[in-house]
There are 2 protein chains.
Amino acid sequence: MNISALSDPATSQSSATQIAHSKLRDLILTGELAPGTKLKIDHLRKILGTGASPIREALSLLTSDQLVVRHEQRGFSAAATSSEDFAEILRLRCSLEGMALRQSMENKSDDWIESLVIIHHRMSRLQQSKSDDFEREHKNFHMALIGNCDSPLLLRFCNQLYDLNIRYRFIAGRSIDYKGRKVEDEHRIILDAVIAGDIDHAEDLLRSHYETTGAFLKAFIK
Amino acid sequence: MNISALSDPATSQSSATQIAHSKLRDLILTGELAPGTKLKIDHLRKILGTGASPIREALSLLTSDQLVVRHEQRGFSAAATSSEDFAEILRLRCSLEGMALRQSMENKSDDWIESLVIIHHRMSRLQQSKSDDFEREHKNFHMALIGNCDSPLLLRFCNQLYDLNIRYRFIAGRSIDYKGRKVEDEHRIILDAVIAGDIDHAEDLLRSHYETTGAFLKAFIK
DNA sequence: TTGTCCAATAAAATCGATTTTTTATTTGCT
DNA sequence: AGCAAATAAAAAATCGATTTTATTGGACAA
C-alpha cells in the first residue's frame with residue numbers, strides 16, 4: 001500500500017530522512033505498523049534499507065505529529081489509538097476546520113473558487129474508489145476548502161488532525177463500505193454552499209459531514 | 001539565560017538529545033539564536049558539546065513545533081518572525097485557549113480549582129519579576145486554566161502557541177515594562193471568574209487579556 | 001514458591017569518520 | 001568586463017562502530 005501521495009505534493013524527496021519519514025508515516029497511517037507497536041531501529045533499518053540516523057530523525061519528526069511516541073532511553077512506538085482519542089480528533093476537527101472554513105470563505109476569491117471546482121471534479125471522477133488516488137484527491141479537496149484562510153498554523157493543525165483521523169479510517173478497514181452514506185452528495189452540497197458564499201450553512205454542512213462520518217466510523221473502532 | 005524550566009516539568013532529561021532539545025529550544029525562544037539564523041550543525045556541536053546525531057534529532061523535534069525550519073539538504077534555521085505571524089499566533093491563541101477554557105470549566109472540580117488557586121498564588125508571589133521563575137509560573141498558570149479540559153491535542157496546540165508567543169515577548173525584550181498594564185489584576189479577575197464558574201465571562205476576560213497584551217506587544221515587534 | 005541479585009543479551013543512543021551535496025572561489029573564454 | 005565551467009572549500013547527510021542503557025533469564029537464598 002502506498003499513500004505517500006497524501007504527503008505534501010511536489011516532494012522530490014531526495015534525502016534518506018525524507019524518504020524514511022514518508023514511508024514510516026505511510027506505514028503508520030495505514031496501520032501496517034499497528035498502533036502501539038514498538039518501533040525498533042534495527043528492524044526499521046532492515047525494512048527501509050537505511051542507517052539509524054535517518055530513521056531516528058524521521059521518527060523524531062513523526063513524534064511531534066503525534067504519530068509516534070518517544071520513550072526516553074527506550075525507543076519509539078507507534079502512537080496508540082483509542083475511542084477517546086478518535087472522539088477528540090473528531091471534535092477538534094469540527095471546531096478547527098469550521099473556523100478555518102469561515103476564514104477561508106471570508107477571503108473568498110474567484111481563483112480560489114475555481115480551484116475548488118477543479119479539485120472537486122478530480123475527486124468526483126474517482127468516486128469513492130478505495131484507491132490511493134482517491135485518498136489523495138479527497139484530502140486535497142478538504143484541505144482546499146479551508147486553504148484560503150490566511151492562517152498557516154491553523155492549516156497545519158487541521159492537516160495534522162486529518163492525518164490522525166485517516167489512520168482510524170484505514171485501521172477500521174478500507175473495505176468498509178460507506179453504503180447509503182452518499183458521501184459524494186455531502187461533498188457536493190458543501191461545495192455549493194461555499195460557492196454560494198453562505199458561510200454559516202457551509203460550516204454547518206462541513207461539521208455534520210464530519211460528525212456523520214465519525215459516528216459511522218465509530219462503530220468500527222475498537 | 002535559562003528558561004528550561006518552561007519545558008514540561010519532571011524532566012530528568014537524561015539523553016543527549018533531550019538536553020540538546022531543551023537547550024536549543026531555550027536559545028531560540030529567548031532569541032539568543034535569532035529568528036532566521038542558520039543553524040549549522042558544526043557550530044551547535046561546539047556550543048552544546050555533543051555529537052551531530054542528537055543535535056539533528058533535537059532540531060527535527062523542534063521543526064514540528066515550528067521553532068525550526070528544515071531546508072532539504074541545506075540544513076536548518078531558526079524560524080523567522082513577522083508581524084503577520086505574531087498576529088496569527090495571537091488570534092489562534094484567543095480561539096483555542098478560549099475553547100479550552102470553556103471545556104476546562106465545564107469539567108470543573110474542586111481539586112482543579114484548588115490547584116489553580118495554588119498556582120496563581122505561586123505566580124503572584126513573584127510579581128512580574130522578569131525572572132525565569134516568574135516565566136515558569138506564568139506559563140503554569142495559563143496552562144492550568146485550560147488544563148482541566150479533556151483534550152490532550154488541544155492542550156498541545158495551546159502549549160505550542162504559548163511558546164511561539166513567548167518568543168516574541170523575549171525578542172521584544174524582557175526589559176519592556178508592562179507599566180500601567182496591571183497584568184496581575186487581569187490574572188486575578190480571570191481566576192475569580194473561573195472560580196465563580198462564569199464561563200462566558202471567564203472566556204471574555206482571557207481573550208481580552210491576550211488581546212490587550214498582544215496590542216501592547218505589537219508596538220515592539222519588527 | 002517468591003524475590004533479589006547478577007550476568008548475558010538486546011536494544012537505544014551516541015560518536016567519529018566518510019560520503020554526498022551545496023556553496024564559494026577561481027580560472028578560462030568570448 | 002561578464003559569463004560559464006571547473007575547482008576548492010564548507011556544510012549537510014549518512015554510515016558503521018562503539019558506548020551506554022534497558023531488558024531478559026537464570027542462580028541462589030529466604
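Throughout, a chain's letter reflects where its sequence line sits, starting with A, and its residues are numbered from 1.
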- Nearest-angstrom distance from the residue atom CZ of B:Arg45 to C1' of C:dG16: 8 Å
- Task: Take the protein atom CD1 of B:Ile19 and the nucleotide atom P of C:dC15, then report the distance between them rounded to whole Å.
- Result: 10 Å
- Task: Among B:His21, B:Arg70, B:Glu57, find the residue that satisfies the side chain to side chain contact (heavy atoms under 4.5 Å, CB included) test when tested with B:Leu62.
- Result: B:His21
- Could you tell me the separation between the CD1 atom of A:Ile41 and the C1' atom of D:dC15, rounded to a whole number of Å? 15 Å
- Query: Excluding sequence neighbours, so at least two apart, what forms side-chain hydrogen bond (donor to acceptor under 3.5 Å, both in side chains) with A:Thr17?
  - Reply: none
- Note on the structure: Ordered by number, residues from residues 46-68 of chain B within less than 4.0 Å of DNA chain D (heavy atoms) are B:Arg56
- Are side-chain N/O atoms of A:Ser15 and B:Gln73 paired as donor and acceptor at under 3.5 Å? no
- Task: Among the candidates D:dA11, C:dA12, C:dT22, find the nucleotide nearest to the side-chain atoms of A:Lys38.
- Result: C:dA12
- Query: Rounded to the nearest Å, what distance is computed from the CD atom of residue A:Gln18 to the P atom of nucleotide C:dT21?
  - Reply: 15 Å
- B:Ser15 side chain near C:dA12 phosphate (N/O to OP1/OP2, under 4.0 Å): no
- Query: Taking atom C1' of D:dA12 as reference, at what distance in whole Å does atom CD of B:Glu72 sit?
  - Reply: 10 Å
- Without hydrogens or angle criteria, can the side chains of B:Asp85 and B:Tyr168 be said to hold a donor-acceptor pair below 3.5 Å? yes
- Item | Sequence-distant partners of A:Gln160, side-chain hydrogen bond (donor to acceptor under 3.5 Å, both in side chains), two or more places apart | none
- Touch check for A:His43, heavy atoms < 4.0 angstrom, all strands: base, sugar-phosphate only, or nothing? nothing
- Item | Protein-nucleotide distance (A:Arg74, atom CZ; C:dA13, atom P), rounded to Å | 10 Å
- Where the side chain of B:Gln73 is defined as all heavy atoms beyond and including C-beta, which of C:dT14, D:dA13, C:dA13 is the nearest nucleotide? D:dA13
- NZ (B:Lys108) and CG (B:Leu116) are apart, to the nearest 0.5 Å, by 10.0 Å
- Just by modelled atom types, is the B:Leu61 backbone N or O under 3.5 Å from a matching donor or acceptor in the A:Ser60 side chain? no
- Query: How long is the line joining CG of B:Asp42 and P of D:dA9, in whole Å?
  - Reply: 17 Å
- Query: Between atom CG in A:Leu44 and atom C1' in D:dT14, what is the gap in whole Å?
  - Reply: 17 Å
